[in-house]
Amino acid sequence: MAKVILGSWRDDVTDNRGLKKSAIPEAFKGLKEFESGNDILAFMGWDGFFLFDRDAPVVDMARAYVEKAQEESCGYCTPCRVGTKVVAEKLAALADGHGRREDIDAIRSMAAVIRDASMCELGHTSMTALLKMMELAPEAFEEAVAGRAPVKRGNYRAMATAPCIEACPAHLDIPEYVDAIRSGNYYESLAIIGRKNPLAGVCGRVCVRPCEFVCRREELDEAISIKHLKRFVNDQIVSYVSARSKPLEEIPSASGKKAAIIGAGPCGLTAAFYLKRKGHEVHIFEDLREPGGMSAVGIPDYRLPRDVISSEVRRISEIGVKFHYGKRLGRDLSLSQLETEYDSVLISVGAHGSKSVGMEGEDANSEGYVAGVTFLRDLNLLHHIGEFKPPEGTRVVVVGGGNVAMDCARSAVRLGYSKVSVVYRRTQKEMPADHEEIEGAMEEGVEFLFLTHPVRIDAEAGKVKGITCVKMDLGEPDASGRRRPVEVKGSDFFIECDIVIPAIGQSSDFSFLSDGSGIETTKWGTIAVDDNTMMTGRDRVFAGGDCVSGPAALIDAMGHGLRVAHCMDQRMRGEKMSMPEAERMFRLLKTMSLPQAPVNRLGNKARCRLEMRPARERTSDFVEIERGLKPDEAIREAERCLRCYRIALFATEE
Amino acid sequence: MTTIIETKKKVRLEIDGKTVLAPEGATILEAARAVGVRIPTLCYHEALSPIGSCRVCVVEVEGVDRPATACNTQALDGMRVATRSERLFNLRREVIRMILAHHPLNCSPCPKNGDCELQDIAYEYDLAPNDFGSYSIKTEEYPWKEFSTPILDYHPRRCVLCGRCVKVCKEIRGLGAITMAGPGALASIQPALADPESPSRCVSCGECMRVCPVNAIEERMGGGKGKPWETEKTATTCAYCGVGCSLELNVVNGKVVGVTTDDATGVNKGRLCSKGRFGYAFIHSGERLSKPLIRNEKGELEETTWTKALTRVAREFRRSIAEHGPDSIAGLSSARCTNEENYLFQRFIRQAIGSNNVDHCARL
Ligand SMILES: Cc1cc2nc3c(=O)[nH]c(=O)nc-3n(C[C@H](O)[C@H](O)[C@H](O)COP(=O)(O)OP(=O)(O)OC[C@H]3O[C@@H](n4cnc5c(N)ncnc54)[C@H](O)[C@@H]3O)c2cc1C
Ligand code: SF4
Ligand code: SF4
Ligand code: SF4
Ligand code: SF4
Ligand code: FES
């Protein structure tokens, strides 16, 4: 626990130097070391600073902070572009021992100009901590002038971040790629995305976009359409590049090391892409005949056309990643075999089994009872080649309230069933599915039975005839804060149907793991990995994606892929393994959970709406529903971004 | 007859105590100008959408702590705006000071001297070179780099990074051939390439040079330009094509040294293409024909009069038609003619000569 000696956040001052005391954080729980054995001495952020050590190098830290601000300044507006340069030079002079008293005043006045007159949040926030330090610890600056000798130097870890960057599991530099769109530099924008995310076209369509939920523009009017902008820039470049049909160049495998990846889902693809970029030979082994994992065989084509996935995968194979389809770990390959042939192995097999609802008659495997993920997989693999045989019948009941349930229901509508119903045990408000998905399903004629829980599958002669449900009531909130549904006694009722599709969750199949492999699974049915390195209990074997986190989202799996590639690379090069430094800082920021400052700006400009195919037209096929942004809309949307950049800096012992 | 119905809603706001009724969507700057309140600007340019980069136009809006930039902040109903205060004066002065910390204040040899927006605003805010001694930063040397076109030279140290050139190229030329790229104090204007290998999209129109408030973009068409006060401007019409853009020939000592435009005049409202803006070298060329010439028996060109020359042409046309028929004659007209002139020309070839062999150089 890091105890605050002197600090301030949003003008709330904590002073434990024996002078005065205040109520706000005296200490940060869970914050002590930057990495093991390396204590944090101080923190400087966008709304203030905290000193945890009496000897924290105040002046030199301020210099490092402002130098970082100058490095991150985009150069667009005068105060931040020139001002941070001037302040950084003056602080460097102070730290070097040849500063003058006037410099202190000049720093103070220029800092105020930068704060008040800059354009974006980087300039608005980069001087706050410095000004506060000069106010609360003026002696440090005075001494630097009087001493006429270099001040104590420190070690710093600094980065530019933003709320949206922090919320994205892959920590994409969102404001930067949005800004490149605003300037019309689409190629550059896609390259910025590609630093963290090789599947821009996929994420630009179906990402669950945690970034948009924290977007600060929401306070003024509406969040930025980060997802749509990603799709826009991907589609612009893809059509441009494929028009020239120039393949990417293969990256040579210079390291002499080989990595095997099990599963060509988002996690495996991402890890493969970055391992290849780091110069390793990379082989992906995939059970199915096509790549993409759940993005291909889970998500239906009307949300994510398969040619989007194949064009992204083409780029991954163009740089030299080798794909081996129809190879299943546990059937065609064994772990020990891979371990002898490869320098490291990644298990990213996802979660493809279906969790059971716990209804009576579920185990009977009656005809017409199809697990959601199985239904979608067969549909996705076979429908576009005309070989899909939909389950027979006319009435479908889908059980569940998440996105998978919505995909099943909306696909069923497209297959022409006469009635499709969703039963969910809580109300619409509690549904975990995206509200756009729910509204889309409603528009397409899906019936929703809320506060309804299935208890029994009724079958006759091995064929589903219907489903018996009970009505529920919302009781006390549970651990997740959602009100727990309780059964209403005697409210049983029967729904006649031919097909029941349970879609309440997925589980992983680890039958390829033998006892004594050293790889452990958790009580949630996932593979246990070291939080720092993502390595399993067995040396050189790593795991990531849904099979580690449990069913999550694409971008979570891709964030895993990015991180695991970092550590696999270190392991193969024989270096000490450790999560990327930025990841460590994001976690420390999360631990500190500092209060956000309100947006102090003027603005009213609603986000751009996407054109959708009308419900009547779209329900008879699997053609993509959403149309992309047009260039002028995209630029207008990009212009709305406030660029909430801010600098975080940790002063550490080493 | 059509009646124009004013559909735009109006917003009512107060600027420096004056009540303003501005159309919805107007900026604070536009609203202020409408009632004669002057707010200083540098990056703002009437022909372009607001840029918001220089931060000179800051104003105070009641209820918001941070000053807002008038050029790109929408005027809203009920707003109370102050454009003058000690705080604003200081902010503006400091911001200009920062620009000058980067810009070499070497005005006397600069051809913009006397016609420079930066010089004007520095003067207005009473800033002289020794005012920012304490701010002067170690300016990094920029390596010389090819700009988007060889016809223009870009000087990063003179550039105030207002961003007008980037905007004009995107909004008026419709290209986006240049962009601003950091980091920080090393930011400069650079060619914007669709991908690293693609060629520059620039068409050398020089629009970027036109809107540059300082002398950061210069044409490389030969030196010897005069200062604004020794330059005589002659308004004329571009002779290159039928559009007929208005331009001003800048004349020093009887010699054309450049072309400028007036944003308010003519069909082009200040815009020109590369020919109109840079194609003036022919005016003083020794090879330029100024009198009609006829080839004599020895095959040499000899000066003559228009009457003699045209009579000779008419005679040869007749002879050719008589000996070989009208199809032996073809007409090729010039893009420098107007539509009407081209029309007359083809009528002449078809009717007076009797040939259908007529075309226009723009089709070649
Ligand atoms: C229907 C559905 C809809 C979804 N919609 C969204 C959405 O809109 N947005 C979103 O962000 N997320 C969505 N998700 C979640 C997202 O698809 C997953 O979180 C993500 O695909 C997980 O990636 P992964 O790489 O860990 O695993 P997967 O994508 O599951 O990939 C694992 C791969 O490994 C292969 N494999 C499995 N076992 C073996 C083996 N033994 N040997 C060889 N290969 C094997 C599989 O065939 C598969 O290709 C959805 C999921 C489903 C099921
Ligand atoms: S980062 Fe923001 S404040 Fe800094 S120069 Fe760019 S726009 Fe201005
Ligand atoms: S406004 Fe831009 S920078 Fe700020 S949170 Fe939203 S997307 Fe991120
Ligand atoms: S010369 Fe014209 S096309 Fe070229 S950069 Fe300047 S404005 Fe753009
Ligand atoms: S070159 Fe001229 S117009 Fe372009 S940013 Fe620099 S000063 Fe502005
Ligand atoms: S004139 Fe408004 S920011 Fe430059």
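If you're wondering where the values come from, they're calculated on a predicted model, not measured in any experiment. Throughout, a chain's letter reflects where its sequence line sits, starting with A, and its residues are numbered from 1.
- No donor-acceptor pair closer than 3.5 Å links the side chain of A:E89 to the backbone N or O of A:V86.
- Between chain A and the options B:V56, B:V61, B:D65, the largest number of non-hydrogen pairs under 4.5 Å is found for B:D65.
- The candidate with the highest count of non-hydrogen atom pairs below 4.5 Å against chain B, out of A:C80, A:S183, A:A112, A:A191, is A:S183.
- For A:Y156 and A:Y65, the gap between ring centers reaches or exceeds 6.0 Å.
- If you measure heavy-atom distances from B:I51 to chain A, the contacts under 4.5 Å come from both the backbone and the side chain.
- Looking at heavy atoms from C-beta onward, B:V214 lies out of side-chain contact with B:E117 at the 4.5 angstrom threshold.
- B:V160 touches chain A through its backbone: at least one of N, CA, C or O sits under 4.5 Å from a heavy atom, while the side chain does not.
- Ranked by non-hydrogen atom pairs under 4.5 Å with chain A, the options B:C54, B:A181, B:G176, B:A68 are led by B:C54.
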Exercise for review: Please report the C-alpha distance between A:E71 and A:S73 in whole Å, then the side-chain angles of each, then the deciding distance to 0.1 Å, and finally whether the side chain to side chain donor-acceptor pair (under 3.5 Å) criterion is met.
Suggested key: CA-CA 6 Å; A:E71 188 188 317; A:S73 163; over 6 Å; no

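- Residue with the most contacts toward chain A among B:G184, B:A187, B:C43, B:G63: B:G184 (heavy-atom pairs, distance under 4.5 Å).
- Between A:Y186 and A:F232, the angle of the ring planes goes over 60°, which puts this pair in the perpendicular group of the 30/60° scheme.
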Review point. After noting the C-alpha distance and the side-chain angles of A:K132 and A:D11, does the key distance pass the salt bridge (charged side-chain N to carboxylate O under 4.0 Å, His left out) rule?
Key: CA-CA 8 Å; A:K132 211 66 197 175; A:D11 290 334; 3.0 Å; yes

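- Each of A:D116, A:V113, A:I114, A:T84 has some count of heavy-atom pairs under 4.5 Å with chain B, and the biggest count is that of A:D116.
- Between chain A and the options B:C162, B:P183, B:S188, B:P67, heavy-atom pairs under 4.5 Å are most frequent for B:P67.
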Exercise for review: Start with the C-alpha distance between B:E14 and B:R80, add both sets of side-chain angles, then the distance that settles salt bridge (charged side-chain N to carboxylate O under 4.0 Å, His left out), and finish with yes or no.
Suggested key: CA-CA 5 Å; B:E14 212 177 84; B:R80 287 158 69 97; 3.7 Å; yes

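- For B:R87, the part lying under 4.5 angstrom from a heavy atom of chain A is the side chain only.
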